[in-house]
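Any value given below was found using the heavy atoms of this structure, including those in side chains, with hydrogens, waters and symmetry copies removed. By convention in this document, chain letters (A, B, ...) are assigned in the order of the sequence lines, proteins followed by strands, and residues within each chain are numbered from 1.
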Amino acid sequence: MADEQDAKKRRKATEAAGKIGGMVRAAIGGTIKAKQEGKKLAYAFISSSYDEIIRAMDIVPVWTENYAGICGVKRDVNRFLERAESLGLSRSLCTYALCGIGFDQMREELGEMPPNSPWGGQARPDMMLSSGQILCDPRNKWYQASQQFMPDVPIYNVGLPWPMYEDDVDVDDVADYYIKHIVKELRGLIAFLEKQTGKKMDYDRLSGIVALAEHTWDLIWETYEMRRATPTPMDTGDAMNTMVPMVFMMGTQEAYDFYLALKAELQDKIDRKEGVIEDEKYRLLWGGGLPSWFALNDFNYFNSKGAVFPAETTYRLVEPIERLNIPNTSDPVERLAWRWLRYWTYWYDKARKRPGSEPDVERLIQYIEDYKIDGIVMHEAFSCRTWHLGLIWQLNQLKKIYRPIPVLSLGKPARRENPSLILESDIIDMSSYSEVETRSKIDAFIETLESLKSNQIA
Amino acid sequence: MSNETINGRGLAEAERLYRDYGIRAKKLKEQGQKSIAYVCALVPLEIIAAAGFIPIRIRGDVNEPITKGDIDLETIACPYARSCFDNAVKGRYSFCDGLAIPHSCDSTARTYSVWRYVLNFPYSHFINTPHTANTSALEFFRADLKNFLKSLGRFARSEITDAKLARYVELYNENRKKVMALYALRKQDPPLISGAEMVKALVAGLSLPVEEASDLYDQVREEILNRKDAAIKKLPRIMVVGSAIDNHDFMQLIEESGANVVVDDLCIGTREFGPPTAVTDDPMDGIADRYLNRINCPRTYREKKEGETLEDDLAARFGDAGKLAKEYAVDGVILYMYKYCDPFGFEIPVRKTWFESLGLPVLYIEDEYSAGTTGSLRTRIQAFLEVIE
Ligand code: SF4
Ligand code: SF4
């Protein structure tokens, strides 16, 4: 999600990643233009399984998490966070949400975009699509809070659950009532959109878009798997950009074409044995956490020390479609429901086979093996519980059931030794970040990797 | 503090069970009685009890520094949940035979695996309470509760019949009625029972078989009605609204600062004990309805209906709390929230506006779930009370 400047600075960044800044800018500008043209805009959340439905109804999504991230990249969040705080919202809540709510309130009060809004600003929506799933509380509450300033903008809250991993319950035992509910929620969404737009859903078109999205899933998976090569042709620094079409443009031809080009580019790099860096010494896994959007340069810093990230768990929101075992159905809504359920429970069977394992841990093990990983880096962003709770435990468990692996946890120096010294980092709140401290932690970690390597050689 | 005086069977017993939490269940364990530990008001206790277990609500401890919990759990979890987890890791619930965690909020749902593995109970189960309240969600939830019932039945090696469920619906409803009868003692001015005493009694009951909890509440009520030396003075009447409070310290702090806490919208409090379970042909219908629709916790999304104004929406969401404020003739409201509590946090501005629209002054406090914050809170509460007076 970095702007072009940033991408250029990165060593051997893919050309594809370099295009992302322009694409995001065009997409955000596009929403403002669409609004002027009278198209219907919807605030939307990523990973809510409604991408294809929105596209099929010609609704223009305004990805509010994305816009907050952009403000982070642009280092222009403080005024929005402070506005949210002045409204009585605690600074300990999700900062994406705070930034979004602060922005909305400012725009509503001014009756126009706040001056110098990053990339033109976030357009006023005609509707808001909340996401009452098991994944994240803020996405269940954020738009409801925004409604205070936009009481005329209706909300539809799509509640999509998936079963937790349990010893005594198999996904197939409960799939029936999960699917039934998920399908109803999605049909409810369609009815809501039909009402808002005065237009009926074209189910053939929806099927076509679902099929296109699924081809894109497979294509992304194949493309990302190419990063197993040594030297790796693309690392996480790039993936934090190339995730944009996967997360915000699913179901569009543009997204598909983007990965087609990326795949060809990676193949070319592999053929020429061109890696992210010339002398690849350490292969790291980004094992969890959203990045600090204002500090993506840290990936370059890793690179400068001979470290690359051939894989990450963050924003890798696809699995090969065939392996999801989606039952045959001609109904695209049912298909979406099954894909949702199977995706979130994809690692369950694997976990069952290893005593003490758990789906997220199993995924780490798989990536460690497939991508020949030497160490794991995680980032603990203080304001997002969704992606950052359970990480420490996963690492502890990994050590227990697999093998110890060097770990760098960014964003929480010396916490346990001295609890008063908590200095955690964040996705967009820069006040929580110290470049000097982060980099000296990276240095120390690289030294650990180095000494492990020399011991192994010796 | 005179209103802390222990002068009889009910309050003294409540105090003992509150201080030595779980002692009764430990005793019963010697006779073969098993129990299930749980967190949050969203776990259907009727099901656990009908399966033959005592449900034991896991508590935090504001006086206990979190030491062991942090080894496996991030500090960005809600501090209340962290404290509960820390206590459990320290073995305070090791007498229990199982664990039930509901999908209440990110701090519990996203850490289910951590609880499950680290505490390593012979049984554990996650109850997938939907985030949205609509007809489809209710059907889903009902099916999920049936799944819980089946799984628990397997563990208990016994069939949980509808008759047993219906029996516990009745017992828990009775229990809730008794709690509300205790609340009623606070309607008069001055109230007959203090906020601190109330927390102790309610919490004590959450570690007992339901019939015994009901007895305890009866005894407390009787004692209160007969006590002569309560020495609770006429003071500003405060309502506390917020997340979960399971230690008496905060209420005591308010009361020491020169006010009476007369009612709340809290769990553990009216949010949890207020709504009964509807008696339905299939008891699961009433149970699902209660835990999804009737427990009015901000973690459950309630939509603004078409054509509703913002005011209508707020009235629908917070009307119950407003009614209580009126019934208990409240002079001011303290909005009390824990750091990192997203479900509550996003509602603070509207809740504040709502209570102010009723003409009630509001003090908003964001806390850490630690006795260490008492000093700074005292000053703020005193300043607030001065405004009220
Ligand atoms: S809590 Fe995390 S997942 Fe949820 S909206 Fe915020 S950043 Fe996104
Ligand atoms: S406030 Fe809601 S989520 Fe928190 S303990 Fe109470 S019922 Fe559970």
Undergrad: Using non-hydrogen atoms only, which part of B:Phe126 is less than 4.5 Å away from chain A: side chain, backbone, both, or neither?
TA: both
Undergrad: What part of A:Tyr156 gets within 4.5 angstrom of chain B, counting heavy atoms only: side chain, backbone, both, or neither?
TA: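 Looking at A:Tyr156, nothing touches chain B.
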Undergrad: Please report the shortest heavy-atom distance between B:Asp367 and B:Thr373, naming the atom on each side.
TA: OD1-OG1, 2.9 Å
Undergrad: Pick whichever of A:Pro154, A:Ala84, A:Ser357, A:Pro359 has the most heavy-atom pairs under 4.5 Å with chain B.
TA: A:Ser357
Undergrad: Answer yes or no: are there more than 12 heavy-atom neighbours, outside A:Lys180 itself, under 6.0 Å from its atom NZ?
TA: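 No, not enclosed.
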Undergrad: Taking every non-hydrogen pair under 4.5 Å, which of B:Asn134, B:Thr309, B:Thr129 racks up the most with chain A?
TA: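 Most heavy-atom pairs under 4.5 Å with chain A: B:Asn134.
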Undergrad: I'd like to check A:Asp167 versus B:Arg116 (side-chain heavy atoms, cut-off strictly below 4.5 Å). Are they in contact?
TA: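 Yes, at least one pair of side-chain atoms sits under 4.5 Å.
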Undergrad: Which one, B:Thr135, B:Asp313, B:Ile66, B:Asn147, leads in non-hydrogen pairs under 4.5 Å with chain A?
TA: B:Asn147
Undergrad: Give, as side chain, backbone, both or neither, the part of A:Gln133 having an atom under 4.5 angstrom from any heavy atom of chain B.
TA: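 Just the backbone, heavy atoms under 4.5 Å.
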Undergrad: Can you say whether A:Leu391 sits under 4.5 Å from chain B via the side chain, the backbone, both, or neither, judging by heavy atoms?
TA: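 Both the backbone and the side chain of A:Leu391 come within 4.5 Å of chain B.
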Undergrad: Would you mind checking which part of B:Lys304 comes under 4.5 Å of any heavy atom in chain A, side chain (CB onward), backbone (N, CA, C, O), both or neither?
TA: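 It is the side chain, since no backbone atom gets that close.
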Undergrad: May I ask you to name which of A:Gly132, A:Pro163, A:Ser130 has the most heavy-atom pairs under 4.5 Å with chain B?
TA: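 Going by pairs under 4.5 Å, I would pick A:Gly132.
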Undergrad: Does any backbone or side-chain atom of B:Tyr112 lie under 4.5 Å from a heavy atom of chain A? Answer side chain, backbone, both or neither.
TA: side chain
Undergrad: Can you say whether the rings of B:His103 and B:His131 are parallel (under 30°), tilted (30 to 60°) or perpendicular (over 60°)?
TA: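 B:His103 vs B:His131 ring planes: perpendicular.
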Undergrad: Measuring from atom CZ of A:Phe149 to atom CG of A:Asp104, what distance do you get when rounded to the nearest 0.5 angstrom?
TA: 8.0 Å
Undergrad: Among B:Asp144, B:Val118, B:Thr132, which has the most heavy-atom pairs under 4.5 Å with chain A?
TA: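 So the answer, after comparing B:Asp144, B:Val118, B:Thr132, is B:Asp144.
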Undergrad: Does the ring centre of B:Phe141 sit less than 6.0 Å away from the ring centre of B:Tyr291?
TA: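 Not under 6.0 Å, so no.
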Undergrad: Please classify the contact between A:Asp173 and chain B as side chain, backbone, both or neither, with a heavy-atom cut-off of under 4.5 Å.
TA: neither
Undergrad: Measure B:Glu308 against the heavy atoms of chain A and call it side chain, backbone, both or neither at under 4.5 Å.
TA: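 Contact with chain A involves no heavy atom of B:Glu308 at all.
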Undergrad: For each of A:Pro151, A:Ser92, A:Gly188, A:Gly88, tally heavy-atom pairs with chain B at distances under 4.5 Å, and name the one with the top tally.
TA: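 Most heavy-atom pairs within the cutoff with chain B belong to A:Ser92.
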Undergrad: Would B:Phe344 and B:Phe346 count as a close aromatic pair, with their ring centres under 6.0 Å?
TA: no
Undergrad: Below 4.5 Å, heavy-atom pairs only: which of A:Gln394, A:Gln147, A:Arg91, A:Gln397 has the largest tally toward chain B?
TA: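 Option with the top pair count is A:Gln147.
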Undergrad: What part of B:Ser151 is in contact with chain A, defined as an atom under 4.5 angstrom from a non-hydrogen atom: side chain, backbone, both or neither?
TA: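 Both backbone and side chain.
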Undergrad: For B:Arg142, is it the side chain, the backbone, both or neither that has a heavy atom under 4.5 Å from a heavy atom of chain A?
TA: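 The answer is neither part of B:Arg142.
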Undergrad: Does B:Lys146 pair with B:Asp282 as a salt bridge, N-O distance under 4.0 Å?
TA: yes
Undergrad: If you tally heavy-atom pairs under 4.5 Å against chain A, which of B:Met337, B:Glu303, B:Lys150, B:Arg317 wins?
TA: B:Arg317
Undergrad: Do A:Leu186 and A:Glu334 pass the side chain to side chain contact (heavy atoms under 4.5 Å, CB included) test, and can you show the C-alpha distance, the side-chain angles, and the key distance before you say yes or no?
TA: CA-CA 9 Å; A:Leu186 294 177; A:Glu334 269 182 25; over 6 Å; no
Undergrad: Counting neighbours of CG on A:Asp152 that are heavy atoms of other residues, nucleotides or ligands and sit closer than 6.0 Å, is the number greater than 12?
TA: yes
Undergrad: Test side chain to side chain contact (heavy atoms under 4.5 Å, CB included) on B:Phe318 and B:Val350 and set out the steps.
TA: CA-CA 10 Å; B:Phe318 311 134; B:Val350 275; 4.1 Å; yes
Undergrad: Please flag which part of B:Phe155 lies under 4.5 Å from any non-hydrogen atom of chain A: side chain, backbone, both or neither.
TA: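 Contact with chain A: none, neither part.
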Undergrad: What part of A:Asn396 gets closer than 4.5 Å to chain B, counting heavy atoms only: side chain, backbone, both or neither?
TA: side chain
Undergrad: Which value, rounded to the nearest 0.5 Å, describes the distance between B:Arg271 atom CZ and B:Ile295 atom CD1?
TA: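 Taking CZ in B:Arg271 and CD1 in B:Ile295, the distance rounds to 9.0 Å.
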Undergrad: Quick check: A:Phe45 with A:Trp142 (ring centres under 6.0 Å apart)?
TA: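 Distance test on ring centres: under 6.0 Å, yes.
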Undergrad: Checking heavy atoms, do the side chain of A:Lys195, its backbone, both or neither come under 4.5 Å from chain B?
TA: side chain
